[in-house]
Amino acid sequence: MFDVAIVGAGICGCSCAYMLTQAGLRVALIDATGIAAGGSGAAGAFVSPKFVKSGPVKEVSEAAFRFSLTFYQEHFSELTSVSRLLHFANNALSNERVAYFREHTSLAQATLEPEYLEHINLEARRFESLVLESSAVVDAHEICKKMAAAATFFKIDVNTLHHQGTSWSLNNQLRAKRVILTTGAYRHVVDIPYFTPRAVFGHRINIKTSSYNPINVHQFVSISQSDSEGVIAIGATHDVHYNPLNASNQRYDVATGRATLLEKARRTMRLEHVDILKDFTGVRAGSVDHLPLLGLVVDSKKTLEHLPKLRRGKQYDINKYEYYPDLYMMNGVGGYGFVLAPFLAKMLQDFIMRGSAVTPLVLPSRFLRRWCIQKCR
Ligand SMILES: Cc1cc2nc3c(=O)[nH]c(=O)nc-3n(C[C@H](O)[C@H](O)[C@H](O)COP(=O)(O)OP(=O)(O)OC[C@H]3O[C@@H](n4cnc5c(N)ncnc54)[C@H](O)[C@@H]3O)c2cc1C
C-alpha cells in the first residue's frame with residue numbers, strides 16, 4: 001500500500017513525487033509510457049514569468065516564477081542554466097503590456113551590453129522590450145527523472161480507479177491512500193466534466209549555429225542561450241487544431257514546423273549556418289481562465305444530487321460540494337508547466353502534510369458552477 005499514487009509522470013507528476021517523497025511519504029509514480037514522455041519531454045523548459053499587467057494570472061505566475069527559479073537553482077543546479085532574459089513585445093497590443101510591465105514589475109531588471117544588440121534585427125528592436133536579470137532553462141528530461149528518483153515507478157496505463165474502504169485501487173493492480181491525477185492533455189481517468197483541458201500542440205527544435213547567443217530571448221518564439229556545445233533551443237509553435245492524441249487527426253508536417261520556427265526566430269535575431277539537430281513535439285493542456293488547477297477533485301454527480309439548484313446557477317460555498325475522498329489533480333499548466341509545477345507541488349505538499357490552504361484561485365471547483373450553468377440544465 002502506497003501513501004500516494006500519482007498518475008502521469010510529466011513535470012506536474014514528477015514535481016509532486018519530489019515534494020511528497022521529500023516529506024517522507026511512500027509514493028508510486030505511474031505513467032502509461034515513461035517519465036517525461038508527454039508534453040514535458042517536448043518542452044524547451046524555459047523558466048520565465050508571464051508578461052501580463054495585473055490580475056490573478058500575474059499573481060500566480062510571478063509567485064511561481066520566483067519560487068521555481070530558486071527551487072531549480074537550489075536543488076538541481078547542474079541541470080539549470082541561468083541567464084538574463086531579453087523579452088520583446090511582438091504586436092501592438094503586447095507593446096503596451098511590455099512597457100507597463102517594465103515600469104511596474106518588482107522583478108530585478110538588468111541592462112545589455114550595446115554590442116549584444118548588434119545581433120538583434122532592427123525590426124525586432126522597434127518593439128518595446130525589457131531585460132530581466134534572471135531566467136533559466138532546465139533540462140526537462142533529466143529534471144523529471146531526478147525528481148522522480150525517490151518514488152517507485154510503474155509503467156501502467158491507468159483505466160480504472162475505485163475507492164474501496166479507506167484507499168484507492170488503480171486498475172486492480174496497485175493500492176494507495178491518496179491519488180493525484182497529473183494526466184495533462186490526456187483523457188480523464190475519472191469523470192471531471194467541468195474541466196476539459198485546452199490541448200495546444202507544439203513543436204520545438206534544437207539547432208547548432210555559428211551564431212553565439214549568451215542570453216534567453218523571447219519574442220515570436222523563445223530562443224535559448226547557447227549551451228557549452230553551442231546548441232540553442234527554439235520553441236514553440238502553438239497549434240490548437242492538430243492533436244496527436246486525437247486519432248482522427250492527419251499527420252503532422254515536421255518540415256513546415258521547422259521552417260516556421262526558424263523564420264520566427266530569425267525575425268528577432270541573426271542565426272547563421274544552422275543545422276537542425278532534433279525535433280520535439282507534444283501537447284500542453286491549458287484552462288479557459290489561463291490559471292492552473294490544483295486541489296481536490298469535485299464529484300460532480302454527487303454534488304448535483306445534493307445541490308440540484310446548482311443547475312439553475314445558484315451559488316454555494318464550495319465546502320458544500322461533494323469531493324472524491326483523497327483524490328487530487330494538478331493540470332492546466334499550459335505553456336508554463338516548468339514554472340508552475342514545483343510551486344503548485346509545494347502547495348499540495350503543505351495541504352496534504354499540514355492542512356494549509358490551497359489558494360482558491362487554482363481550485364478545480366471554480367469551474368463547476370460555470371459548467372452547470374452552460375451544460376447541465
Ligand atoms: C513544444 C513545447 C514547448 C514547451 N516549452 C515550455 C517551456 O519552455 N517552459 C514551460 O514551462 N513549459 C513549456 N511547455 C509546456 C510544458 O511542456 C507543459 O506545461 C507540461 O509538459 C505539462 O506537464 P504535465 O505533467 O501536466 O503533462 P505531461 O507532460 O503531458 O504529462 C502527462 C503524463 O500523463 C501520462 N498519462 C496520461 N493519462 C494516463 C493514464 N491514464 N495512465 C498512465 N499515464 C497517463 C502521459 O503518458 C504523460 O506522460 C512546452 C510544451 C511544448 C509541447
Side-chain angles (χ1 to χ4, degrees), residues 5-17 28-50 61 64-65 68-69 72 85 135-141 143-144 147-148 153-161 170-171 173-174 179-190 197-206 216 218 221-224 233-239 242-245 252 257 260-261 278-287 292-294 329-345:
I6 300 169
V7 184
I11 186 63
C12 288
C14 293
S15 298
C16 291
L29 178 63
I30 305 161
D31 200 288
T33 313
I35 293 175
S40 300
F46 288 88
V47 180
S48 53
K50 273 195 179 184
S61 151
F65 170 67
S68 298
L69 189 62
Y72 289 126
L85 167 66
S135 71
V137 173
V138 298
D139 182 329
H141 275 102
I143 263 193
C144 285
M147 282 180 161
F153 180 75
F154 296 89
K155 190 171 167 186
I156 302 175
D157 187 353
V158 177
N159 293 305
T160 62
L161 210 53
L170 298 95
N171 280 12
Q173 274 178 279
L174 267 174
V179 172
I180 305 171
L181 302 174
T182 49
T183 49
Y186 298 73
R187 64 175 161 51
H188 288 317
V189 184
V190 294
R198 282 183 64 224
V200 181
F201 173 80
H203 181 180
R204 81 163 177 91
I205 48 178
N206 273 359
N216 296 325
H218 291 187
V221 283
S222 301
I223 306 162
S224 77
I234 300 176
T237 56
H238 304 251
D239 189 341
Y242 174 74
N243 184 349
L245 308 180
Y252 175 66
T260 305
L261 285 164
K278 198 163 176 188
D279 298 278
F280 302 81
T281 57
V283 183
R284 48 217 194 248
S287 72
L293 290 87
L294 173 74
M329 68 189 289
M330 184 194 291
N331 205 325
V333 291
Y336 287 81
F338 284 80
V339 182
L340 289 163
F343 170 73
L344 296 173

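For ligands, and for the atoms within them, numbers begin at 1 and follow the listed sequence.
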Can you list the residues that meet the side-chain hydrogen bond (donor to acceptor under 3.5 Å, both in side chains) rule with His238, with sequence neighbours excluded?
Arg284
By side-chain hydrogen bond (donor to acceptor under 3.5 Å, both in side chains), Ser287 pairs with (sequence neighbours left out) Asp289
Please check this pair: side chain of Tyr72 against backbone of Phe338, looking for a donor-acceptor N/O pair closer than 3.5 Å.
yes
Heavy-atom donor-acceptor pair, Asn171 side chain to Thr160 backbone, under 3.5 Å
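Between the backbone of Thr160 and the side chain of Asn171 there is a qualifying donor-acceptor contact (under 3.5 Å).
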Tabulate distances under 3.5 Å between N/O atoms of ligand 1 and N/O atoms of the protein, writing both atom names on each line.
{"from": "ligand 1", "atom 1": "5 (N)", "to": "Gly44", "atom 2": "N", "distance (Å)": "3.3"}
{"from": "ligand 1", "atom 1": "8 (O)", "to": "Ala45", "atom 2": "N", "distance (Å)": "3.1"}
{"from": "ligand 1", "atom 1": "8 (O)", "to": "Phe46", "atom 2": "N", "distance (Å)": "2.8"}
{"from": "ligand 1", "atom 1": "9 (N)", "to": "Phe46", "atom 2": "N", "distance (Å)": "3.4"}
{"from": "ligand 1", "atom 1": "9 (N)", "to": "Phe46", "atom 2": "O", "distance (Å)": "3.0"}
{"from": "ligand 1", "atom 1": "11 (O)", "to": "Gly337", "atom 2": "N", "distance (Å)": "3.3"}
{"from": "ligand 1", "atom 1": "11 (O)", "to": "Phe338", "atom 2": "N", "distance (Å)": "2.9"}
{"from": "ligand 1", "atom 1": "12 (N)", "to": "Gly335", "atom 2": "O", "distance (Å)": "3.0"}
{"from": "ligand 1", "atom 1": "17 (O)", "to": "Gly39", "atom 2": "O", "distance (Å)": "3.2"}
{"from": "ligand 1", "atom 1": "19 (O)", "to": "Gly334", "atom 2": "O", "distance (Å)": "2.6"}
{"from": "ligand 1", "atom 1": "19 (O)", "to": "Gly337", "atom 2": "N", "distance (Å)": "3.0"}
{"from": "ligand 1", "atom 1": "21 (O)", "to": "Ser40", "atom 2": "N", "distance (Å)": "2.9"}
{"from": "ligand 1", "atom 1": "21 (O)", "to": "Ser40", "atom 2": "OG", "distance (Å)": "2.8"}
{"from": "ligand 1", "atom 1": "23 (O)", "to": "Ser40", "atom 2": "OG", "distance (Å)": "3.2"}
{"from": "ligand 1", "atom 1": "25 (O)", "to": "Ile11", "atom 2": "N", "distance (Å)": "3.3"}
{"from": "ligand 1", "atom 1": "25 (O)", "to": "Cys12", "atom 2": "N", "distance (Å)": "3.1"}
{"from": "ligand 1", "atom 1": "29 (O)", "to": "Gly39", "atom 2": "N", "distance (Å)": "3.4"}
{"from": "ligand 1", "atom 1": "29 (O)", "to": "Ser40", "atom 2": "N", "distance (Å)": "2.8"}
{"from": "ligand 1", "atom 1": "29 (O)", "to": "Ser40", "atom 2": "OG", "distance (Å)": "2.5"}
{"from": "ligand 1", "atom 1": "30 (O)", "to": "Gly39", "atom 2": "N", "distance (Å)": "2.9"}
{"from": "ligand 1", "atom 1": "41 (N)", "to": "Val158", "atom 2": "O", "distance (Å)": "2.9"}
{"from": "ligand 1", "atom 1": "41 (N)", "to": "Arg187", "atom 2": "NH1", "distance (Å)": "3.4"}
{"from": "ligand 1", "atom 1": "42 (N)", "to": "Val158", "atom 2": "N", "distance (Å)": "2.9"}
{"from": "ligand 1", "atom 1": "44 (N)", "to": "Ala32", "atom 2": "N", "distance (Å)": "3.0"}
{"from": "ligand 1", "atom 1": "47 (O)", "to": "Asp31", "atom 2": "OD1", "distance (Å)": "2.7"}
{"from": "ligand 1", "atom 1": "47 (O)", "to": "Asp31", "atom 2": "OD2", "distance (Å)": "3.4"}
{"from": "ligand 1", "atom 1": "49 (O)", "to": "Asp31", "atom 2": "OD1", "distance (Å)": "3.3"}
{"from": "ligand 1", "atom 1": "49 (O)", "to": "Asp31", "atom 2": "OD2", "distance (Å)": "2.6"}
{"from": "ligand 1", "atom 1": "49 (O)", "to": "Gly38", "atom 2": "N", "distance (Å)": "3.4"}

Taking only residues two or more places apart in sequence, or in another chain, which ones meet Phe46 in a ring pair (Phe, Tyr, Trp, His ring centres under 6.0 Å)?
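Scan of Phe46 (ring pair (Phe, Tyr, Trp, His ring centres under 6.0 Å), adjacent residues dropped) gives His218.
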Residue among Ile6, Leu174, Val179 satisfying side-chain contact (heavy atoms from CB on, under 4.5 Å) with Ile30
Leu174
